[in-house]
There are 2 protein chains.
Amino acid sequence: MKTPTAVLVAARRRDATATRVAILDSARRAFARAGYDGAGVREIASGAGVTAMLVNRYFGSKEQLFTEVVEQTMTSNSLIAGGIMDAPNPGRALAEALVKMTRADIAPLDGFLITFHSASSPSAAKIGRDMIAAHHLKTVAKSLDGKLADERAGLLLAVISGFQVMRQMIALPALANASEEKLVQLLAVVFDGLIQPPAKETGRKKSS
Amino acid sequence: MKTPTAVLVAARRRDATATRVAILDSARRAFARAGYDGAGVREIASGAGVTAMLVNRYFGSKEQLFTEVVEQTMTSNSLIAGGIMDAPNPGRALAEALVKMTRADIAPLDGFLITFHSASSPSAAKIGRDMIAAHHLKTVAKSLDGKLADERAGLLLAVISGFQVMRQMIALPALANASEEKLVQLLAVVFDGLIQPPAKETGRKKSS
DNA sequence: CACGTGAGTCTACGGGCGTAGACATCGATC
DNA sequence: GATCGATGTCTACGCCCGTAGACTCACGTG
């Protein structure tokens, strides 16, 4: 156990932390494009300007690298992460942000999409599921008033996911080429319907 | 060595059409579970009781096999394919059918999920996209009155997809373990909001 | 200026992939 | 009962995968 007094922040050529960041960045792009199985370690390394072995040297294994990428992406770069649910009109705000982030000319780097692209691998799917349940679902559910908060939060995330999947992953023309303002209006109605406490239109025998 | 066990083991004698069906069936299960890249020809063949080469002999290539699987699944086994949009209460009917088909104990063999699992391969994604646009989007849009029919149809499919993805593919606990009746009620409201013609002014204010 | 240490690379291995071509076997026909 | 096409299998090739171990090299320090 030694402390080499590494207080100086010089040395740009052989910079471990900068290399780490570069690998994480390249991995995020690769995983978002091709999923866990589709992205190779050699490809990730090449995108960061290093060799494949260095990736494993820094992150232990491809799976651990994937975990770090998903965690970082879900916490720092998420639609939900910022307090968007506290806006005066959260449905509209959510719709605007969602439509904006799913434009065709924007590389899809979202954590949801990375997870969906990687759902073929059970281990990768579990990592994504746990991350979604831990960060996003809890955040949304806490900001919802009324009953069935968990279910409504889940459906809200489902709508967001479905829109991302159909507009970005599949590039369904009806959504990819539609007018943004019209999409926002339609989406806002859907979101509002889930954000507002549910009306009991059919009689249920649940005590209120 | 030809032993009399031939009679006992004779599950399927040399029957070309039956073998074709068996391969298609096995391929559908494999693609639904692991996506285009994740499912191997050897695995598909093994599930049908044949060898890998026979698969290519019958379907030419893995990609052509995938195309046939997706086409068959989308046309014959789809939520939308049956005239569910013509029901007296299509929103509720859709919600009930969707919740029912996404139960945990039902193997997810839907064409949407196969497509999403396979989105890593550009060619497979294109096959799925074209199939969705050709069959489902057109069907839904034709049954919608009022303006923005294409956009509303796309969003309807997006909600369906998102629900499938979150409940089956990711198995988000909030949706996978929720009460079915409550999910149906919440979903029906969302569907009705998209099925009914859009109001001129959108963006109701939240009153909390 | 030598040197130890950590950053980064090279080579290789075992395995799975899609598929091409030669080979084996069954079943109906003459 | 021999023949022949359809049905199915075997072996092999070339490619890419994740990663383990030995290696090279630059750099801060004495």
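Naming convention: chains lettered A, B, ... in sequence-line order (proteins, then strands); numbering from 1 in each chain. Hydrogens, waters and symmetry mates are skipped; everything else that's a heavy atom, side chains included, is used.
For B:S121 and B:D37, the side-chain atoms include at least one donor-acceptor pair closer than 3.5 Å. Donor-acceptor pairing under 3.5 Å is lacking for the side chains of B:Q64 and B:E68.
Residue B:S61 has no polar side-chain atom (N or O) positioned under 4.0 Å from OP1 or OP2 of C:dG18. The side chain of A:T51 places no N or O atom within less than 4.0 Å of a non-bridging phosphate oxygen (OP1 or OP2) of C:dC10.
Here the C1' atom of nucleotide C:dC13 and the CZ atom of A:R42 are 11 Å apart, to the nearest Å. Rounded to an integer number of Å, the gap from A:F66 CZ to D:dG18 P is 13 Å. Protein atom CD of B:Q64 is 13 Å distant from nucleotide atom C1' of C:dT19, rounded to whole Å. For the pair A:I23 CD1 and C:dT9 P, the computed distance is 9 Å after rounding to whole Å. To the nearest angstrom, C1' of C:dT25 lies 17 Å from CE of B:M53.
Nearest-nucleotide mapping onto DNA chain D: of A:N56 and B:T17, the residue sitting toward the 5' end is B:T17. Taking for each of A:G40 and A:R57 the nucleotide of DNA chain D with the nearest heavy atom, the 5'-most of the two is the partner of A:G40.
Annotation: B:F112 is in aromatic contact with B:H136 [ring centroid separation under 6.0 Å]. Proximity of the aromatic rings of A:F116 and B:F116 is defined here by a centroid distance below 6.0 angstrom, and this criterion is not met.
Of the candidate nucleotides D:dG8, C:dC17, C:dT9, C:dT9 has the atom lying nearest to any side-chain atom of A:V50.
Residue contacts for A:Y58: at a heavy-atom cut-off of 4.0 Å it reaches the sugar-phosphate backbone alone, with no base atom in range. Residue B:A39 is in sugar-phosphate contact alone, with no base atom involved, counting any heavy-atom pair closer than 4.0 Å across all strands shown.
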